[in-house]
Amino acid sequence: MSLYRDEAIVLRTQKLGEADRIITLLTRQRGRLRVVGKGVRRTTSRFGARLEPFSHVDLQLATARTLDVVTQAEALSVFSEAIATDYARYTAGTAMLEVAEKLTEEEGEPAVQLYLLLLGALRALAHGGREPTMLLDAFLLRALAVAGYAPSFDSCTQCGEAGPHPYLNVSAGGAVCGRCRPPGSVAPAAETMALLAALLSGDWPTAEASDPRHRREASGIVAAYLQWHLERGLRSLRMVER
Ligand SMILES: [Zn+2]
């Protein structure tokens with residue numbers, strides 16, 4: 001048995017036996033990890049409360065034959081309460097945790113950019129001040145970009161012609177010009193394209209000046225884009241396993 005430390009965000013927990021939990025973490029150095037929290041469901045647990053979803057913790061872990069075991073947990077940021085007590089923040093935050101888990105296909109593979117992105121998004125969510133849906137959409141677009149699926153909302157993804165373009169195609173990766181436009185392309189409002197570009201680049205003054213109907217349209221496009229990539233990812237994974 002050897003000990004190591006890492007900083008982590010708790011993505012998910014599952015009951016294990018009488019009083020333990022399996023805790024799914026996104027760690028700063030080791031990517032996604034599943035570890036065991038022994039006795040954390042007992043009220044007398046020294047650190048059970050620090051190992052709930054949204055917790056940002058500094059951990060000491062002991063290597064084990066199967067899953068490593070938490071031996072110490074110190075809270076680094078306390079934003080789980082500010083997120084969990086507000087419905088809009090909670091649903092946006094839960095989606096962030098779920099997508100972070102899905103985008104880290106391999107356990108133990110470092111994903112430091114995704115870790116920093118998630119930490120920043122949860123911090124902003126807990127702080128309030130920005131609309132949770134827009135924080136979620138910005139997180140999803142940037143998380144997909146970090147995972148290698150950066151969309152374009154300006155130049156044509158097919159021929160590279162400088163935008164703005166009136167069409168968008170989810171499977172083509174974003175904006176498409178009138179000549180390249182593949183079947184299934186949509187024609188969102190120009191303001192929606194500008195909002196998507198602002199969310200991807202972190203241009204909050206532009207994003208916050210947007211109209212609610214363009215925000216709704218942008219959210220629909222982000223959801224379709226995410227679903228397309230996750231389904232494709234899962235399909236490719238199934239093909240590898242069989
Ligand atoms: Zn084109």
Side-chain angles (χ1 to χ4, degrees), residues 31 92 95-106 109-118 120-121 124-125 130-241:
M96 288 174 188
L97 299 185
E98 196 182 319
V99 169
E101 182 172 355
K102 284 186 175 150
L103 287 177
T104 45
E105 283 186 13
E106 291 286 324
E109 191 178 287
V112 68
Q113 278 183 290
L114 183 64
Y115 175 80
L116 295 173
L117 200 60
L118 180 62
L125 203 56
R130 295 205 200 287
E131 197 187 70
T133 317
M134 282 210 292
L135 282 172
L136 172 62
D137 288 340
F139 170 78
L140 296 177
L141 288 173
R142 298 167 93 177
L144 282 163
V146 159
Y149 312 117
S152 165
F153 299 113
D154 184 46
S155 45
C156 173
T157 57
Q158 307 299 290
C159 70
E161 192 186 295
H165 296 294
Y167 303 105
L168 184 139
N169 190 291
V170 166
S171 56
V176 284
C177 72
R179 272 175 288 113
C180 297
R181 176 168 61 129
S185 301
V186 292
E191 293 90 338
T192 302
M193 286 285 231
L195 171 57
L196 287 164
L199 291 172
L200 179 61
S201 66
D203 174 1
W204 284 99
T206 300
E208 291 190 323
S210 63
D211 189 279
R213 84 197 134 103
H214 299 130
R215 292 182 190 182
R216 276 194 299 276
E217 190 175 39
S219 285
I221 289 167
V222 173
Y225 191 65
L226 175 72
Q227 192 181 354
W228 192 79
H229 279 292
L230 289 180
E231 280 175 2
R232 200 163 143 266
L234 294 175
R235 265 204 300 280
S236 66
L237 195 65
R238 275 202 298 275
M239 280 162 69
V240 171
E241 283 172 348

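Atoms within each ligand, like the ligands themselves, are counted from 1 in listed order.
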Report the protein N/O/S neighbours of the Zn ion (ligand 1) that fall below 2.8 Å; do not count waters.
Cys156 SG, Cys159 SG, Cys177 SG, Cys180 SG
Kindly say whether Ala172 contributes a backbone atom to a donor-acceptor pair with the side chain of Thr157 at under 3.5 angstrom?
yes
Could you list the donor-acceptor pairs under 3.5 angstrom formed by side chains in residues 131-139, with sequence neighbours left out?
{"residue": "Glu131", "atom": "OE2", "partner": "Arg215", "partner atom": "NH1", "Å": "3.2"}
{"residue": "Asp137", "atom": "OD2", "partner": "Ser219", "partner atom": "OG", "Å": "2.5"}

Does Asp211 have any side chain to side chain contact (heavy atoms under 4.5 Å, CB included) partners at least two apart in sequence or in another chain, and if so, which?
Arg213, His214
Tyr167 meets the ring pair (Phe, Tyr, Trp, His ring centres under 6.0 Å) criterion, sequence neighbours left out, with none
If you count every heavy atom of other residues, nucleotides or ligands that lies below 6.0 Å from Glu208 atom CD, does the total exceed 12?
yes
Can you tell if the side chain of Ser201 reaches within under 4.5 Å of the side chain of Asp203, non-hydrogen atoms only?
yes
